[in-house]
Number of protein chains: 2
Amino acid sequence: MVSIYDIAKRAQCSTMTVSRVINNTGRISEKTRQRVKAIMAEMNYVPNQAARSLVLQQTKIISLLITDITNPFYTTLARGAEDAAKRLGYQVMFSNSDENLDKEKEYIDTVLSMRVDGVLIAPAGDHSVEHLEKLRQYNIPFVLVDREVPGVESDRVLGDSKEGSKALVEHLIALGHRRIAFINGSLDISTARMRRAGYLETLKLNDIEVQPDYMFDTTYSRFDADPIIEKMIAMPKSKRPTAIFAANNFITLAAIRSLRAKGLRVPEDFSIVCFDDLDPDYIVDPFLTIAAQPAYDFGRIGMQMLIDRIHGPIDEYRSVILPSKLLVRQSSTPLT
Amino acid sequence: MVSIYDIAKRAQCSTMTVSRVINNTGRISEKTRQRVKAIMAEMNYVPNQAARSLVLQQTKIISLLITDITNPFYTTLARGAEDAAKRLGYQVMFSNSDENLDKEKEYIDTVLSMRVDGVLIAPAGDHSVEHLEKLRQYNIPFVLVDREVPGVESDRVLGDSKEGSKALVEHLIALGHRRIAFINGSLDISTARMRRAGYLETLKLNDIEVQPDYMFDTTYSRFDADPIIEKMIAMPKSKRPTAIFAANNFITLAAIRSLRAKGLRVPEDFSIVCFDDLDPDYIVDPFLTIAAQPAYDFGRIGMQMLIDRIHGPIDEYRSVILPSKLLVRQSSTPLT
DNA sequence: GGATTTAGAGTTATCGGTAACTCAAAAGTA
DNA sequence: TACTTTTGAGTTACCGATAACTCTAAATCC
């Protein structure tokens, strides 16, 4: 492929002159500039970013490390991130950790060797602290999105998981529900802890006793809810929950699927509310009562904060909390 | 950051020796190997991919150039592509063209300057031919996914748009529909042409006259269907279509939304069938009758073909056609 | 034991750019 | 006119790795 040397030779000038034309730096006569430009165009010259990266010590690449691009929340987040990155002159590399620490670790190593300029990361869990410390050790700026990690200070863009949960549970209580089950993700993840806190606090505020056997911990990823649902329906009818608070979209789907397989209906037999679903607008009839988060802004703002930090060192860490919105729909009905 | 020189100095050997240890090439005594390895670990050495890229002339980066990651078809395709890439040791950079040739052109230039090893692309349209020729000119392997481009020979992973369309239209005819509207994407895109061909052929096979005013061309992206729907319902009731074949998911949603806004119901007033929806499994009650495509495989197979070609030059171009599956659901009902 | 092979390295050049410095000629100034 | 400043370049070194070649000492062979 044609390099700056080829251009220089043909233009009978030094490579520096060519470099100056490319970057519009230094002093160059208009005549020379035009001549070099013409030759670059004629020879179809394209600068080599790898060479540039090597000397400039910057790649113009951002790594987006999420758990699963097919989770609609992260899909939209990714789009927000990519739009912002493009606007600011960066490329986005994406990776799916599947909430798996080993996979995350592999990606972190790749990220380091790629010398990306920054990392936008939704960490797999609290144990990601190691990975984040590694990034810090190598001086690679990062911004946490959606999840925080205890012991790690950094820029963050988070949702208001606690408030959102409270709104959902309050909604159920207002509908007359008292026996409310809670199927949560791993407590290793900050949002799961906040959602739990919101659940517990709301029950307490409403003088409802917390039933430990109404609380289930599982995972935010796709999984099989049968064992949990079976435990629930094995309870005597007078003690069985009448409503379920599911901590994210995949949990909700798994729960509904399992209920239906057992001949139970939503909302007739169980009301269901959930967090995290982003209500993609290609669903014809939105059915779920949800706390919807502004996923696009998670990505957009996170990417902006990140690039901001890459450009000029910033002293303090910044946190942005994005509110969620309660959308009441058909999956939750008054207790009859 | 620590480089191969720092390691060499500390290990009292040459950089080549270190390089040999890193890559497990050449002859090295076990003793030296261990010593160097220990020092690399101690100094937290991470190889610099940019430097490597420069000399090896390969970046281990693939560019995934699609129209919109938030289109669930491409979301899943992207996941399939990333999984395959990771397995084979490549990173994926993604970009959204929004079916916009200018944006696509910008990305192509970036891709060239990044010296990515290959491009997996769902081209914006037939005019993308220029961009593909540019890739070819610079010897960057690419694989077309989902869409082909006239005049461009290459590896391809395509859907069976024509057969899928025939199945959808046959289904409507079997339900008794005769006046079937067709809202299509831009004819600049190969799938739109194939879907059109399937529609026309099926009508002809069933001795149904083609009504030009039942056919509408718009865009595959998010858009407003009001003008089209208004034209349709302005027709006298005896001539008005009773069913709609929408060429993709966004068109379908826009059409249903517009119909509802005008007080019309699906399927009571209009049956609707569509292509391209991938039936994301987090939709609680799938409503649309669709021709579902195996999006994950589009990405997985496309990426494999691409990396295959990167590794060893292959003489002939390969085409893979992935079948779609008719899923009959509530959006289409018998004509009463 | 001397010639040949092989193991285990080191040297040098190069990939494609850019920063920092240098330098001659042209332009401006007293 | 003689001196200073500015303009328009060129030179050199370097970013961090690897390929290709070289070289020495030990091992093998006849």
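All heavy atoms count here, side chains included; hydrogens, waters and symmetry mates do not.
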Short side-chain donor-acceptor distance under 3.5 Å, [Y] and [X]:
| X | Y | answer |
| --- | --- | --- |
| B:D146 | B:Y74 | yes |
| A:Y220 | A:N71 | no |
| A:Q34 | A:E30 | yes |

Please report, rounded to the nearest Å, how far the [atom2] atom of [N] is from the [atom1] atom of [X].
| X | N | atom1 | atom2 | answer |
| --- | --- | --- | --- | --- |
| A:R20 | D:dG10 | CZ | P | 8 Å |
| B:L112 | C:dG16 | CG | P | 15 Å |
| B:M114 | C:dG17 | CE | C1' | 15 Å |
| A:I7 | C:dG17 | CD1 | P | 9 Å |
| B:K60 | D:dA17 | NZ | P | 17 Å |

Counting only distance, no hydrogens or angles, is the base of D:dG8 paired donor-acceptor with the side chain of A:R33 under 3.5 Å?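 By the distance-only test, no, there is no pair.
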If you look at every strand shown and take non-hydrogen atoms under 4.0 Å, does A:S14 touch a base, only sugar-phosphate, or nothing?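 It contacts base atoms.
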With heavy atoms under 4.0 Å as the rule, sort A:T32 into base, sugar-phosphate or nothing.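 If one applies the 4.0 Å heavy-atom cut-off, A:T32 turns out to touch the sugar-phosphate alone, with no base involved.
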What's the shortest heavy-atom distance between B:T70 and A:T75, and which atoms?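 Closest pair (atom of B:T70, atom of A:T75, distance): CA-CG2, 3.7 Å.
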Looking at A:V2 and A:N44, what are the two nearest heavy atoms and their distance?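 Looking at all heavy atoms of both residues, the closest pair is CG1-O, 4.3 Å.
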Every protein N/O within reach of nucleotides 13-16 of chain D N/O, cut-off under 3.5 Å:
| residue | atom | partner | partner atom | Å |
| --- | --- | --- | --- | --- |
| D:dC15 | O3' | A:Q57 | NE2 | 3.3 |
| D:dG16 | OP1 | A:Q57 | NE2 | 3.4 |
| D:dG16 | N2 | B:A51 | O | 3.3 |

Test side chain to side chain contact (heavy atoms under 4.5 Å, CB included) applied to A:R156 and A:Y317, step by step: CA-CA 8 Å; A:R156 308 176 298 182; A:Y317 291 119; over 6 Å; no
Please tell me if A:T15 has a side-chain N or O lying less than 4.0 Å from either OP1 or OP2 of D:dG10.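 It does not, given that no N or O in the side chain of A:T15 lies less than 4.0 Å from OP1 or OP2 of D:dG10.
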Those residues of residues 24-31 of chain A lying under 4.0 Å from DNA chain D by at least one heavy atom: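 Output list: A:R27, A:I28, A:S29.
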Check this for me: does any side-chain nitrogen of one of A:D68 and B:R79 sit under 4.0 Å from a carboxylate oxygen of the other?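 Judged by the 4.0 Å cut-off on N to carboxylate O distance, A:D68 and B:R79 do form a salt bridge.
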If you measure from the Lys or Arg side-chain nitrogens to the Asp or Glu carboxylate oxygens, is any gap between A:D102 and A:K105 under 4.0 Å?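 Between A:K105 and A:D102 there is no salt bridge, as every charged N stays at least 4.0 Å from the carboxylate O atoms.
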When you measure from the side chain of B:S19, which nucleotide among C:dT18, D:dT18, C:dC21 comes out closest?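 Looking only at heavy atoms from C-beta outward on B:S19, the closest nucleotide is D:dT18.
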Please tell me which of the listed nucleotides, C:dA19, C:dA9, C:dC21, lies nearest to the side chain of A:M16?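 Selected nucleotide (nearest to the side chain): C:dA19.
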Are there over 12 heavy-atom neighbours, none belonging to A:H311, within less than 6.0 Å of that residue's NE2?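 Counting other residues, nucleotides and ligands, NE2 of A:H311 exceeds 12 neighbours.
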